[in-house]
Amino acid sequence: QVQLVESGGGSVQAGGSLRLSCAASGRRWYAAWFRQAPGKEREFVAAINWGTGFTIYGDSVKGRFTISRDNAKLTVYLQMNSLKPDDTAVYYCAADPQGSVASLKYNYWGQGTQVTVSS
């Protein structure tokens, strides 16, 4: 079974930046980031194809967040810029969707890392 471990979360002021990391135990087809804020459903953030580098983003983060991967380190990153209080959530790494890349039906999930953005 694939293991995914997130890190890099923390607290930041609005307008600031954070970079999240997801260390994987092996290379997969797609890797993605989701987030879940208190009282809200889990939301798709971004996904990347490991082989080609093709990326897709949720509408709420386009132009602000960037997903990337390091093939040698088997690590996926989420660079978050121009952070807003609405970005506050637990961020989860996921791998290999069962359907579309924006679907919640992924085969593997990490435990999550907290991101808090203050105004």
Side-chain angles (χ1 to χ4, degrees):
Q1 186 170 337
V2 174
Q3 302 291 321
L4 303 173
V5 181
E6 301 98 333
S7 63
S11 298
V12 65
Q13 291 182 309
S17 299
L18 285 173
R19 189 178 75 161
L20 306 182
S21 298
C22 173
S25 60
R27 182 180 180 276
R28 309 306 299 174
W29 172 39
Y30 267 93
W33 289 95
F34 291 79
R35 65 187 183 185
Q36 188 164 19
K40 297 183 179 180
E41 296 184 2
R42 196 175 303 173
E43 176 189 19
F44 172 76
V45 176
I48 186 168
N49 182 290
W50 268 102
T52 67
F54 175 81
T55 59
I56 186 169
Y57 295 91
D59 289 339
S60 64
V61 305
K62 287 182 179 178
R64 299 189 298 122
F65 291 9
T66 302
I67 188 171
S68 62
R69 90 294 200 201
D70 186 321
N71 290 333
K73 296 181 179 180
L74 296 177
T75 301
V76 179
Y77 303 97
L78 184 68
Q79 179 66 47
M80 304 184 293
N81 298 325
S82 301
L83 283 163
K84 306 173 182 179
D86 285 348
D87 295 319
T88 296
V90 176
Y91 284 71
Y92 298 91
C93 184
D96 288 355
Q98 297 178 19
S100 70
V101 296
S103 172
L104 297 177
K105 303 295 184 180
Y106 272 68
N107 288 327
Y108 310 104
W109 293 90
Q111 293 299 111
T113 185
Q114 177 70 47
V115 172
T116 302
V117 184
S118 60
S119 60

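From a predicted model like this one, the values you see are computed outputs, not experimental measurements. This chain uses plain numbering: 1 for the first residue, then up along the sequence. Scope of the values below: all heavy atoms of this structure, side chains included, with no hydrogens, waters or symmetry mates.
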Give the minimum heavy-atom separation between [X] and [Y], together with the two atoms involved.
| X | Y | answer |
| --- | --- | --- |
| C93 | L4 | O-CD1, 3.8 Å |
| P97 | S100 | CB-O, 3.4 Å |
| Q36 | K40 | NE2-O, 3.2 Å |
| V101 | F34 | O-CZ, 4.1 Å |
| A14 | S119 | CB-CA, 4.3 Å |

Measuring from [X]:[atom1] to [Y]:[atom2], what's the distance to the nearest 0.5 Å?
| X | Y | atom1 | atom2 | answer |
| --- | --- | --- | --- | --- |
| L18 | D87 | CG | CG | 10.0 Å |
| M80 | Y91 | CE | OH | 5.5 Å |
| R69 | S21 | CZ | OG | 15.0 Å |
| Q79 | S17 | CD | OG | 5.5 Å |

> For E41, does the CD atom sit with more than 12 other heavy atoms under 6.0 Å from it, leaving out its own atoms?
Replying inline: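 No, the 6.0 Å shell around CD holds no more than 12 heavy atoms from other groups.
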I'd like to know if [Y] and [X] are part of one continuous hydrophobic network [Ile/Leu/Val/Met/Phe/Trp/Tyr, side-chain heavy atoms within less than 4.5 Å].
| X | Y | answer |
| --- | --- | --- |
| F54 | W29 | yes |
| V12 | V61 | yes |
| L104 | Y108 | no |
| L20 | L74 | no |

>> Please enumerate all residues that pass side chain to side chain contact (heavy atoms under 4.5 Å, CB included) together with T55, with sequence neighbours excluded.
In response: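 Residues passing side chain to side chain contact (heavy atoms under 4.5 Å, CB included) with T55: I48, Y57, I67.
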>> Checking S60 against E43: is there a side-chain donor and acceptor pair closer than 3.5 Å?
In response: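 Per modelled atom types, E43 and S60 side chains form a pair under 3.5 Å.
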>> For the residue pair T75 / D70, report whether a side-chain donor-acceptor contact shorter than 3.5 Å exists.
In response: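 No, because no side-chain N or O of D70 sits under 3.5 Å from a partner of the opposite role on T75.
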> Do W33 and F65 make the cut of ring centroids closer than 6.0 angstrom?
Replying inline: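 Between W33 and F65, the centre distance exceeds or equals 6.0 Å.
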>> Please report whether the ring centroid of Y30 lies less than 6.0 Å from that of Y106.
In response: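 No, ring centres 6.0 Å or more apart.
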Does [X] reach the side chain of [Y], with side-chain heavy atoms less than 4.5 Å apart?
| X | Y | result |
| --- | --- | --- |
| S103 | Q98 | no |
| L78 | T66 | no |
| F44 | R35 | no |

>> Looking at K62 and D59, is any side-chain nitrogen of the basic one under 4.0 Å from a carboxylate oxygen of the acidic one?
In response: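 K62 and D59: salt-bridged.
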>> Please check: side-chain N/O of Q111 versus main-chain N/O of V5, any donor-acceptor pairing under 3.5 Å?
In response: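 Not a single qualifying donor-acceptor pair exists.
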>> Please identify which of these residues, V117, T88, T116, meets the side chain to side chain contact (heavy atoms under 4.5 Å, CB included) condition with L83.
In response: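 Answer after filtering V117, T88, T116: V117.
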> Think R19 forms a cation-pi with Y77, using NZ or CZ under 6.0 Å from the six-ring centre and within 45 degrees of its axis?
Replying inline: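 R19 over Y77 ring: yes.
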> Is the charged tip of R42 near the ring of Y92: under 6.0 Å from the six-membered ring centre and within 45° of its axis?
Replying inline: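 The answer is yes, since R42 meets both limits relative to Y92.
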